[in-house]
Amino acid sequence: MFRIQPLVSVLLCCFTFWFHISFGYLITCSGIVPMRYRNDKVSITDFGGVGDGKTLNTKAFREAIYRIQHLRRRGGTLLYVPPGVYLTESFNLTSHMTLYLARGAVIKATQDTWKWPLVAPLPSYGRGRERPGGRYMSFIHGDGLRDVVITGENGTIDGQGGIWWNMWRQGNLQFTRPNLVEFMNSRGIIISNVIFKNSPFWNIHPVYCSNVVIRYVTILAPTDSPNTDGIDPDSSSNVCIEDSFISTGDDLVAVKSGWDEYGIAYGRPSSHITIRRVTGSSPFAGIAVGSETSGGVEHVLAENIVIYNSGIGVNIKTNIGRGGFIKNITVSQVFMENVRTGIKIAGDTGDHPDNRFNPNALPYVKGVTLKNIWGVKVQKAGSIQGLKDAPFTNICLSKINLHGMTGPRYPPWKCSDVSGAAIEVSPSPCAQLSSPQQSGSCANHF
Ligand SMILES: *[C@@H]1O[C@H](CO)[C@@H](O)[C@H](O)[C@H]1NC(C)=O
Ligand SMILES: *[C@@H]1O[C@H](CO)[C@@H](O)[C@H](O)[C@H]1NC(C)=O
């Protein structure tokens, strides 16, 4: 099910090769957060941890982390999780620690959903994302931390989300489902060489964070699992995501910054977000910005992306009532195969937290550059639809080639309330983007 099709892998390989020869080296996230060597090491088994898949290890994890937090060894402490399946309830990490999963180590979430702790709603959302009031704490949680690493030899963090997805399907969720891993108000976070599986809700959620690196991760959830977004950088800055494979039931990467009047009041943007060499498949979007962008999103660069068997390749989405801004977004070097819609930029997406949202709070969308995008088996090239009272400006398409199922003929682009330019775009885009005098407005983007 998660096998990459041969054509995709050949092309991915060519892209990577081309990048090697054009730059001579691979650009990486290194440097954003220094990798720490931890002198002090403990194992979960030192705290009574048992990896038999049945024993509840909550006490072991909480005691190990309490020890790390209070002994405060110089240079921090590494918590080793040996091969085995460690069932546990949710737990909090602490600063200056590395959670290290050995090859064959699995940290597995308990199915006792009725015992799951609740935490306050995020101020930028005003309530839980799917239910009013508080929300269930993420399975692995961190608030106000610095210098935390989750890594190892590709061990697994398994949310056993099925029970939560069913509660959602049956409409008997009392509060918003837990994320798999969430960091709040934290800086200096590295997540690498870990497999994330079957999250109850979003997989990795850095919110109000800075300097976050996520690389060499694999994120898996069934196509029909509700809201299992891969990585959602939210009101965070200097986030770098690279060299990862994501196949879930919702957007693979979605950059966000709060919801309507709550996000506007909180006013914390997402900025300087880099996404590169990410491959995957989603029934919704591959690379997304939004739809919650009320604190603003700027300086996003996504490059060398491969999206296959998906709903939408690149999706920038906001709504009336969101306010905020989306500006300086660049997406380049994208290959897509078998997607319903190649590119979608829309001002009418997503729901509202309550009916107190301000209908006059219009989003400001300016400066979106999409270039070097190549697709095969694309059903619809795309649509770019701004708002009548807030047109999207400086929308620039360059060197885009989206092929249909059989040949180059398929529904044309749909555009409204948008201005910008298009250079070498096939099928040819709508008139709003193709007038030659407009191309000046894109000049500094190319
Ligand atoms: C974990 O963190 C949350 C939110 O910061 C807090 O409410 C909760 O009490 C903490 N739990 C433990 C066991 O420390
Ligand atoms: C873990 O997975 C990554 C890719 O996701 C791979 O590059 C790396 O070599 C793997 N590490 C080990 C120790 O198997």
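Please read these numbers as outputs of a predicted model, since none were measured by experiment. In listed order, ligands and their atoms are each counted from 1.
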Specify whether Tyr125 and Trp259 have parallel, tilted or perpendicular ring planes, treating 30° as the upper limit for parallel and 60° as the lower limit for perpendicular. tilted
What residue among Ile204, Val212, Val207, Ile150 forms side-chain contact (heavy atoms from CB on, under 4.5 Å) with Phe183? Ile150
As an exercise, identify every atom of ligand 1 less than 4.0 angstrom from a heavy atom of Asp143. 5 (O)
Report, in ascending order of atom number, the atoms of ligand 2 lying under 4.0 Å from any heavy atom of Asn154. 1 (C), 2 (O), 3 (C), 8 (C), 10 (C), 11 (N), 12 (C), 14 (O)
Can a salt bridge be assigned to the pair Arg129 and Asp229 using a cut-off of 4.0 Å between side-chain N and carboxylate O? no
Using the side-chain contact (heavy atoms from CB on, under 4.5 Å) definition, which of the options Val289, Ile345, Asp251 pairs with Lys317? Asp251
Among non-hydrogen protein atoms, atom 7 (O) of ligand 2 lies closest to Tyr216 CD2, 3.9 Å
Which of the ligand 2 atoms, numbered from 1, are nearer than 4.0 Å to a heavy atom of Arg103: 12 (C), 13 (C), 14 (O)
Is atom 2 (O) of ligand 2 close to the protein, meaning a heavy atom under 4.0 Å from it? yes
Please state which option from Leu93, Val119, Asn92, Leu118 has its nearest heavy atom closest to atom 11 (N) of ligand 1. Asn92
Take atom CZ in Arg169; do more than 12 heavy atoms of anything else shown fall under 6.0 Å from it? yes
Would you say atom 9 (O) of ligand 1 makes contact with the protein, given that contact here means a non-hydrogen protein atom less than 4.0 Å away? no
